[in-house]
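Below is one structure; the comments refer to it alone.
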2 protein chains.
Amino acid sequence: MLTPSEKKTFKFIQQYFMEKGYAPTLKEIAQGIGINSRGVVHRYLKSLESSHLITILPNRKRGIHLNPEANENIPLVPTIPLLGRIAAGHPIEAIEGRDEINLADFIMNADRFALQVTGDSMMEAGILDGDTVIIKHQNTANNGDIIVALIDGIEATLKRLKRLPDGMVLLMPENKFMETIAYEPERVQIQGVVVGQLRSYQ
Amino acid sequence: MLTPSEKKTFKFIQQYFMEKGYAPTLKEIAQGIGINSRGVVHRYLKSLESSHLITILPNRKRGIHLNPEANENIPLVPTIPLLGRIAAGHPIEAIEGRDEINLADFIMNADRFALQVTGDSMMEAGILDGDTVIIKHQNTANNGDIIVALIDGIEATLKRLKRLPDGMVLLMPENKFMETIAYEPERVQIQGVVVGQLRSYQ
DNA sequence: GATAATAGAGAACAAATAGAGAACATTCAA
DNA sequence: TTGAATGTTCTCTATTTGTTCTCTATTATC
């Protein structure tokens, strides 16, 4: 179990790694977490090592490794550090305030489930073949939402919703090679709304 | 059975755990449930321990463990049910075997972090303005990987990597309105590889 | 009314944590 | 080779925190 100081130390190391591409010195860590003593930092590092979060190469300068396989030791909060904003042509810009993403907030919820997407009908909305979408189960949706709809009780589809003033329901793909189709409202049953999306490149 | 105060205490601890990743101090619990006395909190903790809801590590600061069996409503491993595969024009197809997505496997790892993407340079790869990409920290990458690169030690960018036989490094945007640029290898420092992606529609 | 259970305040002490900084060993670059 | 920077091990101090008490108040029950 990490103390708050140890956690702070660990986060600083992660962030430093990202920005510089190499590990910080003990002095830099000390400054980064707001203390003066290298000895104290060393104590925190020893503790992080015994939690298998890092590996210390003895006596090496900047000899800290982040351990990839360490998730079992921080099991409780599904968070990942959010280090900043990346835009082409600029240095990575730090984000004040929010410094981590809580996956629980992001998607976990009793009324949510996942679907794996096949096909390219939502390609131009950034939803590609093989992606996973997180659906919030609900029977209504707003204009412009991306929804899971059941047509005639059988055919399921992922489309953007638009209701016309005359009552017709448009299900619009985000792919210029595919056509929007209009349905009578009673043929379309809304199953849920897309609230998130995941993609794995591994 | 628990008294109302004990229940309140237990809920506060659960919530604190989810948010911070470590246990609260007695003082924090006291404030959290609206009293002043650490001694009283300690009494509640003893009671929660004898109900096997928590374990107290004696004399440890923040030495409270939530007992997993008593905690079934809060999953330790964040998962979301994966209901099937959706393809335009077909019913939702069930997936045998895998029926839930483990978010910990998906992204959480000590050497991973998140970056928020600004701009449209990777649009055609389905990475849109505002998306969050999960980066695995590493200094090497394969041809075709989407990487975070530092150019001349300053400028950070998200591009697809291609190495030419003559040693030059191509950083290719996925946007037909932007141009691929070739760099001498010593100007490009690889910071990490994109291993995942999140998008929130909320 | 007596009794027990619940709630809370707060004092007193022991122990853990956070931090400073000295002293020495080791690296690493000039 | 040498010196500065860095890692490592210590001892010391202060503060916070956990723990155990005793005391008071309220409420419900017999």
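Residue numbering restarts at 1 for every chain, and letters A, B, ... go by the order of the sequence lines. All heavy atoms count here, side chains included; hydrogens, waters and symmetry mates do not. In this text the structure is predicted, and so the values were computed from the model without any measurement.
- Put simply, A:His42 has no side-chain N or O that comes within less than 4.0 Å of OP1 or OP2 on D:dG7.
- A pairwise comparison of heavy atoms in B:Ile29 and B:Phe12 identifies CA-CE2, 3.6 Å as the closest pair.
- Comparing D:dT8, C:dA7, C:dA18 by their closest approach to the side chain of B:Tyr44 singles out C:dA7.
- In the model, A:Asn175 has no side-chain atom that pairs as donor or acceptor with a side-chain atom of A:Ser121 under 3.5 Å.
- For the pair B:Leu2 CG and C:dA7 P, the computed distance is 10 Å after rounding to whole Å.
- For the pair B:Ser37 (side chain) and B:Gly39 (backbone), a donor-acceptor distance under 3.5 Å is present.
- Atom C1' of nucleotide D:dA5 and atom OH of A:Tyr22 are separated by 15 Å, given to the nearest angstrom.
- Note: CD (B:Glu49) to C1' (D:dT19) measures 13 Å, nearest angstrom.
- Across all strands, A:Arg43 comes closer than 4.0 Å to base atoms (heavy-atom distances).
- Rounded to a whole Å, the NZ atom of B:Lys8 is 14 Å from the C1' atom of C:dT6.
- Residue-to-nucleotide contacts include a donor-acceptor pair under 3.5 Å from the side chain of A:Lys61 to the base of D:dA5.
- Residue contacts shown for B:Arg38 include a base, since a base heavy atom lies under 4.0 Å away.
- Of the candidates C:dT17, C:dT6, C:dG19, C:dT6 carries the atom nearest the B:Thr3 side chain, counting heavy atoms from C-beta on.
- Within a 6.0 Å sphere centred on CD of B:Glu186, heavy atoms belonging to other residues, nucleotides or ligands number more than 12.
- In this structure, B:Leu57 atom CG and C:dA15 atom P are separated by 17 Å, rounded to whole Å.
- Enclosure of atom CZ in A:Arg60 is not indicated, since only 12 or fewer non-hydrogen atoms of other residues, nucleotides or ligands lie within 6.0 angstrom.
- For B:Pro4, taking side-chain heavy atoms from C-beta onward, the closest of the listed nucleotides C:dA23, C:dA7, C:dC28 is C:dA7.
- The rotation axes computed at either terminus of the helix from C:dG1-D:dC30 to C:dA30-D:dT1 lie 30° apart, taking five pairs at each end and rounding to 10 degrees.
- A:Asn143 places a side-chain N or O within 3.5 Å of a backbone atom of A:Arg163 that can act as its donor or acceptor partner.
- A residue-by-residue look at B:Gly39 and A:Gly63 shows that A:Gly63 has its nearest nucleotide of DNA chain D further toward the 5' end.
- Taking every side-chain heavy atom of A:Val40 into account, C:dA20 is the closest of D:dG18, C:dC28, C:dA20.
- The side chain of A:Thr25 has D:dT6 as its nearest neighbour among C:dA16, D:dG18, D:dT6.
- Contact between the side-chain N/O atoms of A:Ser37 and the OP1/OP2 oxygens of C:dA18 is not found at any separation under 4.0 Å.
- Note: NZ (A:Lys27) to P (C:dG21) measures 13 Å, nearest angstrom.
- Along DNA chain C, the nucleotide closest to B:Pro58 and the one closest to A:Pro58 are compared, and the more 5′ of them pairs with B:Pro58.
- Remark: C1' of C:dA9 and CG of B:Leu26 are 15 Å apart, rounded to the nearest angstrom.
- Regarding contacts with the backbone of C:dA9, a side-chain N or O of B:Asn36 is found under 4.0 angstrom from either OP1 or OP2.
- Note that CD1 of B:Ile56 is 4.5 Å distant from CD1 of B:Ile54, once rounded to the nearest 0.5 Å.
- Spacing between atom CD1 of B:Ile54 and atom C1' of D:dG18 amounts to 13 Å, rounded to whole angstrom units.
- We find the CD1-CD distance between B:Ile147 and B:Gln189 to be 10.5 Å, quoted to the nearest 0.5 Å.
- Within the 4.0 angstrom heavy-atom criterion, only backbone atoms of the sugar-phosphate kind lie near B:Ile35; the bases stay farther away.
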